[in-house]
K.L.:
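This is the structure I have questions about; it appears just below.
As the structure is a prediction and not an experimental result, all values here were calculated from the model. Order of the sequence lines sets the chain letters (A, B, ...), proteins ahead of strands, with each chain counted from 1.
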Amino acid sequence: MESQELLSLCRRRGFLWPAYDIYGGLAGFYDYGPLGASLKHNIEAHWRRLYVFDEGLQELVCPLIAPEPVFKASGHLDAFADMYVECKGCGESHRADHLAEGLVDNPEAISEEELGRILDEKAVKCPLCKGDLTAPRRFNLMFKTAIGAGSAKPGYMRPETAQGMFVNFSQIYRHGREKLPVGAVQLGRAFRNEISPRQGLVRLREFHQMEAEIFFHPERKTWPRYDGVKSHVLPLAPNGAAVTDMSLEDAVASKTIINEALAYFMWLTYRFALDIGLNPKRIRFRQHERNEMAHYAADCWDLEAETAYGWVELVGIADRGCYDVQAHLRHSGADLTAFERFEQPREITREVISPRFDVMGKLFKGDTKALAEKLIEMAPDAVRGKDEVAIEVNGDSFTVPSSCYEIIDRTEKASGEKFVPHVIEPSYGVDRILYAVLEHAYSMKDEYVTLSLEGLVAPFKAGVFPLMSRDGLDEVAQELHESLMSNGIAAHYDESGSIGRRYARMDEVGTPCCVTVDYRTMEDGTVTLRNRDTKEQVRLSRNEVVETVRKIAEGTHRSPSDALDGMKVV
RNA sequence: GCGGCUGUAGUCUAGCGGUUAGGACUGAAGCUUCCCAAGCUUUAAGCCCGGGUUCGAAUCCCGGCAGCCGCACCA
């Protein structure tokens, strides 16, 4: 099918439309209409149920704006701030700072105008074809803003929700009673100033993520529920190979998947995908090949879905090692470590440099403290056998004679050890998932469109119609609608147009079933319940409607047909 | 950001320098209708934006914006 057909349906029926349309639109931004908002909400609610309710991860809500140091630490600032030039001849892009290497002291620190002037003066040409180059452009994929007035601090819209969880590791660890594994999740918006947003919901500038950051002991990356699911099979495309079905335990045993925890969250992702109605024949896990994996990631798998745009990444599940937490530990100075108690306290003896304060105090007076701190940080081997050591403090150089310190054995009793936790990160793109769900649910036969959404995610769980809007049928139908709504089940009442048209409207927006009040209802209190996918109807007592629709809405049944199993056809 | 193609009601579309921009579907109001987009009446809604050429522009030209395709980018 064409993506345009589906986007047209989405506009017509209120799932989504381009944002700021009356002002000409803005690429990379979409509004969710009433049905889209509901579908999105339902997808997120199910994810929350799996990750927060079932797995016990902690949900956080962090700010969308963060100050510069956060992204300095995470690497986003440098990774996103590169300057590029393009060749006017061959079209190839080059890092402008690399071309200016050697021509200027610090090419990364100057403005693009300055850099452009230098490249111009030195007549730098394309290294490939010797063609002329464009002026340097800065590709910063983060949206920048200013925090506060006057000499405001630079701030950025977060490009992922993840950093909010990394910087809060200590809180998460403490709230989780200082045990590993422990994890947090965050659902929310993220922003990337894409150079060229394309493909509808696939590449947006403002989008929605559902991310989990799960912290592990580096040597124990498994999950309590792993054993219960390890025999399940996933469609895996390892390292450029074709898709094969493989059980979790086989994949871990063969080192196809690097550890049990990663395998577990891949399985959870697969289950989520099927629950919300993605077509199992059109999804797969593709492993990142070495050259596309971020340098710090140990293993990374994408859940991909086949769409009109080709195979699209919906979820990335990565073992990020200790990279992120380590980075924030180093930049912030905060102690972002976990602590593991030894079974028996251990005595550790090691060599340390011990300053002799009595000697140093006489020699260095007020500088003694700073010098002693530097000494303590040094490795014993670096000073062993030397007569003196040169140390710089506050820009001044000092020569510290060996009489000022000694190397001693110090025995420390350790009841455990601190370590930087490793992180496994399942990162879900909500908008892409929602789009893939719509596409996989879409079918057209003889110009008749049906969205076969799962009851779990469908915006309306049931349509409620009077066959005729008179003779009291409409009042009964309105009462039924009321009782569904008051039970928290989204239903849609409609009495306009022919009954067929009303069914068609519901089929087109993915409503799994329709309840119709007819003349027989007035005699025996039964109504018809119509299955969207088969168009079949059963009769049931109007008193059974709420519970039956609830089953469909809760996804306890894979399809309306299941919920109607065992019921007599009219 | 580069190149190609495109832009007419909510959707699909007619228009090819000259009346009041036409139709279909959808929407709304009503009639009719005893289960799958039926019919009838009424009704709402449009030339992406800005310049230019011309007596006259939806139509031709330029710029912007947006969409599609390809390239590049996608931590």
K.L.:
Who passes side chain to side chain donor-acceptor pair (under 3.5 Å) against A:Tyr156, sequence neighbours left out?
P.N.:
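Partners of A:Tyr156 by the side chain to side chain donor-acceptor pair (under 3.5 Å) criterion, ordered by chain and then number, come out as A:Glu68.
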K.L.:
Hey, would you say the A:Phe215 and A:Phe169 ring centroids sit under 6.0 Å apart?
P.N.:
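Under 6.0 Å, so yes.
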K.L.:
For A:Phe15, give me all partners under ring pair (Phe, Tyr, Trp, His ring centres under 6.0 Å), at least two apart in sequence or on another chain.
P.N.:
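With neighbours one apart ignored, the set is empty.
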K.L.:
Check ring pair (Phe, Tyr, Trp, His ring centres under 6.0 Å) between A:Phe216 and all other residues, then give those that pass, not counting sequence neighbours.
P.N.:
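None.
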K.L.:
It should be established whether A:Arg505 places a side-chain nitrogen or oxygen under 4.0 Å from OP1 or OP2 of nucleotide B:G27.
P.N.:
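It does, given that an N or O in the side chain of A:Arg505 lies less than 4.0 Å from OP1 or OP2 of B:G27.
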K.L.:
Tabulated below should be each protein N or O lying under 3.5 Å from an N or O of nucleotides 3-9 of chain B; please produce it.
P.N.:
none

K.L.:
Using only side-chain N and O atoms of A:Arg203, determine if any of them is under 4.0 Å from OP1 or OP2 of B:G67.
P.N.:
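For B:G67, OP1/OP2 do not have a side-chain N/O of A:Arg203 under 4.0 Å.
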K.L.:
Using nucleotides 29-35 of chain B, report all nitrogen or oxygen pairs with the protein that are shorter than 3.5 Å.
P.N.:
| unit_1 | atom_1 | unit_2 | atom_2 | d |
| --- | --- | --- | --- | --- |
| B:C35 | O2 | A:Tyr503 | OH | 2.5 |
| B:C35 | O2 | A:Gln537 | NE2 | 3.0 |
| B:C35 | N3 | A:Tyr503 | OH | 3.3 |
| B:C35 | N3 | A:Thr528 | OG1 | 3.4 |
| B:C35 | N3 | A:Gln537 | NE2 | 3.1 |
| B:C35 | N4 | A:Asp518 | OD2 | 2.9 |
| B:C35 | N4 | A:Thr528 | OG1 | 3.0 |

K.L.:
Just jot down the side chain to side chain donor-acceptor pair (under 3.5 Å) partners of A:Glu425, sequence neighbours excluded, or say none.
P.N.:
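Here the qualifying residues are A:Arg320.
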K.L.:
Do any side-chain nitrogens or oxygens of A:Arg11 fall under 4.0 Å of OP1 or OP2 in B:U11?
P.N.:
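A:Arg11 to B:U11 OP1/OP2: side-chain N or O found under 4.0 Å.
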K.L.:
Residues in ring pair (Phe, Tyr, Trp, His ring centres under 6.0 Å) with A:Phe166, at least two apart?
P.N.:
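Counting only residues at least two positions away or on another chain, A:Phe166 forms no ring pair (Phe, Tyr, Trp, His ring centres under 6.0 Å).
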K.L.:
Tell me the salt bridge (charged side-chain N to carboxylate O under 4.0 Å, His left out) pairs involving residues 7-36 of chain A, sequence neighbours left out?
P.N.:
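Qualifying pairs: A:Arg11-A:Asp21, A:Arg12-A:Glu508, A:Arg13-A:Glu508.
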K.L.:
Test: salt bridge (charged side-chain N to carboxylate O under 4.0 Å, His left out). Region: residues 198-214 of chain A. Which pairs qualify, not counting sequence neighbours?
P.N.:
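Every pair satisfying salt bridge (charged side-chain N to carboxylate O under 4.0 Å, His left out) with a residue in residues 198-214 of chain A: A:Arg189-A:Glu206, A:Glu194-A:Arg203.
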K.L.:
Under 3.5 Å, which donor-acceptor pairs link side chains of residues 460-470 of chain A to any protein atom two or more places apart or in another chain?
P.N.:
| unit_1 | atom_1 | unit_2 | atom_2 | d |
| --- | --- | --- | --- | --- |
| A:Lys461 | NZ | A:Gly455 | O | 2.8 |
| A:Lys461 | NZ | A:Leu456 | O | 3.3 |
| A:Lys461 | NZ | A:Ala458 | O | 2.8 |

K.L.:
Answer yes if the side chains of A:Gln186 and A:Arg158 hold a donor-acceptor pair under 3.5 Å, and no otherwise.
P.N.:
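Side chains of A:Gln186 and A:Arg158: pair found under 3.5 Å.
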K.L.:
Below 3.5 Å is the cut-off: list the nitrogen or oxygen pairs between protein and nucleotides 62-65 of chain B, distance only.
P.N.:
| unit_1 | atom_1 | unit_2 | atom_2 | d |
| --- | --- | --- | --- | --- |
| B:C65 | O2' | A:Gly24 | O | 3.0 |

K.L.:
Considering Watson-Crick and G-U wobble pairs with both distances under 3.5 Å, what does B:C12 pair with?
P.N.:
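Checking every strand shown, B:C12 finds its partner in B:G23, with both distances under 3.5 Å.
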K.L.:
Among B:A75, B:C69, B:A37, which nucleotide has an atom closest to any side-chain atom of A:Arg192?
P.N.:
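Closest nucleotide to the A:Arg192 side chain: B:A75.
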K.L.:
Could I get the full list of ring pair (Phe, Tyr, Trp, His ring centres under 6.0 Å) partners for A:Tyr309, not counting sequence neighbours?
P.N.:
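Once residues adjacent in sequence are excluded, the partners of A:Tyr309 under the ring pair (Phe, Tyr, Trp, His ring centres under 6.0 Å) criterion are A:Tyr435.
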